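Shown next, in structure tokens, is the structure this report addresses.
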Amino acid sequence: MAGSTASGNKRPLLLRNGHVYLDGTEVMEASKISIIYQPEVANYRSLREKGVNRRWIGRDITGSLEEYRTTNWLVEAIKKYEATGVTPEFVIQATRDDEGSDFHESRPDGEVVTVTGVVLTGDIPLIDLDSSGEYVKDSIAFGAKDMQAA
């Protein structure tokens, strides 16, 4: 079929239509989020089989959030950890809906992914100064304990 993809999708899903929430508060200046589900796979061979058998035996959930800094939630999390020694955990929820896509026809309520037990795992910039005068944009890596997709 001319002009269509292998899946027949003529109006692909746009990545721009969505929201990000951190502990129930919308991250208004979020510019990008990625949540990755990585299966832990056991590999084994059996007699009389040429190929390798695989089985999921666990998983890891990781991701990153990019945002233009408008609040000091990162510094507050650091200060709380420094005062208590308790690892800060968050809940991140991302929604995606593109009413102009073919995907929307099969999922009219859009997609929602919620990750819980979120722990920041990368460098957290405390302060940056730059004479070029650009806006402060943070890119924060995280790992999560659990997930829910709807």
Side-chain angles (χ1 to χ4, degrees), residues 4-126 128 135-150:
S4 68
T5 63
S7 66
N9 187 357
K10 296 176 186 170
R11 297 174 297 148
L13 187 60
L14 185 63
L15 292 175
R16 291 184 180 178
N17 298 336
H19 301 271
V20 176
Y21 301 89
L22 179 72
D23 287 344
T25 300
E26 186 167 9
V27 182
M28 296 301 292
E29 298 301 327
S31 62
K32 184 176 183 180
I33 188 164
S34 177
I35 300 173
I36 307 296
Y37 185 99
Q38 182 180 20
E40 180 183 355
V41 180
N43 299 304
Y44 59 96
R45 291 187 176 271
S46 297
L47 295 175
R48 298 181 316 277
E49 291 186 9
K50 293 180 181 179
V52 175
N53 297 297
R54 292 173 179 83
R55 178 177 166 196
W56 287 8
I57 58 172
R59 49 95 172 121
D60 194 13
I61 302 165
T62 60
S64 63
L65 170 66
E66 290 184 13
E67 68 162 345
Y68 289 98
R69 188 180 300 179
T70 57
T71 67
N72 64 343
W73 71 274
L74 289 167
V75 173
E76 291 301 317
I78 292 167
K79 286 168 45 178
K80 187 174 180 181
Y81 170 74
E82 289 294 322
T84 66
V86 176
T87 300
E89 290 190 8
F90 303 93
V91 174
I92 295 177
Q93 183 177 68
T95 67
R96 178 171 55 193
D97 187 22
D98 177 9
E99 293 180 4
S101 72
D102 291 331
F103 183 87
H104 180 74
E105 292 174 12
S106 65
R107 297 288 301 268
D109 294 331
E111 292 178 281
V112 178
V113 173
T114 304
V115 287
T116 57
V118 173
V119 173
L120 307 180
T121 59
D123 294 343
I124 302 171
L126 292 173
D128 286 319
Y135 293 108
V136 176
K137 186 175 186 180
D138 295 318
S139 182
I140 306 300
F142 61 85
K145 194 179 299 180
D146 286 309
M147 60 78 58
Q148 214 175 18

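Not measured: the values here are computed from a predicted model.
- Atom OH of Tyr81 is surrounded by 12 or fewer heavy atoms from other residues, nucleotides or ligands within 6.0 Å.
- Contact detail for Thr121 and Gly143: the closest heavy-atom pair is CG2-N, 3.7 Å.
- No more than 12 heavy-atom neighbours from other residues, nucleotides or ligands sit within 6.0 angstrom of OH on Tyr135.
- Taking the charged nitrogens against the carboxylate oxygens, Lys79 and Glu82 have no contact shorter than 4.0 Å, which rules out a salt bridge.
- When the shell of 6.0 Å around CD of Gln148 is examined, it contains 12 or fewer heavy atoms from other residues, nucleotides or ligands.
- Within 6.0 Å of NZ in Lys137 there are more than 12 heavy atoms belonging to other residues, nucleotides or ligands.
- At a threshold of 4.5 Å between non-hydrogen side-chain atoms, the residues Gln93 and Val112 count as touching.
- The shortest heavy-atom contact between Ala77 and Pro88 is O-CG, 4.0 Å.
- The OG1 atom of Thr70 sits 9.0 Å away from atom CE of Met28, with the distance rounded to the nearest 0.5 Å.
- Distance check: Leu74 CG to Leu126 CG gives 9.0 Å after rounding to the nearest 0.5 Å.
- Taking the six-membered ring where the residue is Trp, Trp73 and Phe90 present perpendicular rings, their angle passing 60° and hence far from 30°.
- Within the 4.5 Å cutoff, side-chain heavy atoms of Ile78 are placed close to those of Ile124.
- Proximity of a side-chain donor or acceptor of Ser64 to a complementary backbone N or O of Ser34 within less than 3.5 Å is not detected.
- The backbone N or O of Asn53 lies less than 3.5 Å from no partner atom in the side chain of Arg55, so there is not a single donor-acceptor pair.
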- Item | Stepwise side-chain contact (heavy atoms from CB on, under 4.5 Å) test for Tyr21 and Thr95 | CA-CA 9 Å; Tyr21 301 89; Thr95 67; 4.3 Å; yes

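- Residue Pro125 comes nearest to Arg69 through the heavy atom pair O-NH2, 3.1 Å, listed as atom of the first residue, atom of the second, then distance.
- Side chains of Phe142 and Val119 form no contact here, defined as non-hydrogen atoms less than 4.5 Å apart.
- In this structure, the side chains of Arg59 and Ile61 come closer than 4.5 Å at one or more pairs of heavy atoms.
- Residues Ile35 and Val113 are in side-chain contact: their nearest non-hydrogen atoms beyond the backbone lie under 4.5 Å apart.
- In plain terms, the two heavy atoms of His19 and Glu26 that are nearest each other are ND1-OE2, 2.6 Å.
- Put simply, CG on Leu65 and CG on Leu22 are 7.5 Å apart, with the number rounded to the nearest 0.5 Å.
- Across Asp123 and Ile140, no two heavy atoms sit closer than the pair O-CD1, 4.3 Å.
- Between the side chain of Asp138 and the backbone N or O of Glu67 there is no donor-acceptor pair closer than 3.5 Å.
- The two residues Glu89 and Gly117 make their nearest non-hydrogen contact at OE1-CA, 3.5 Å.
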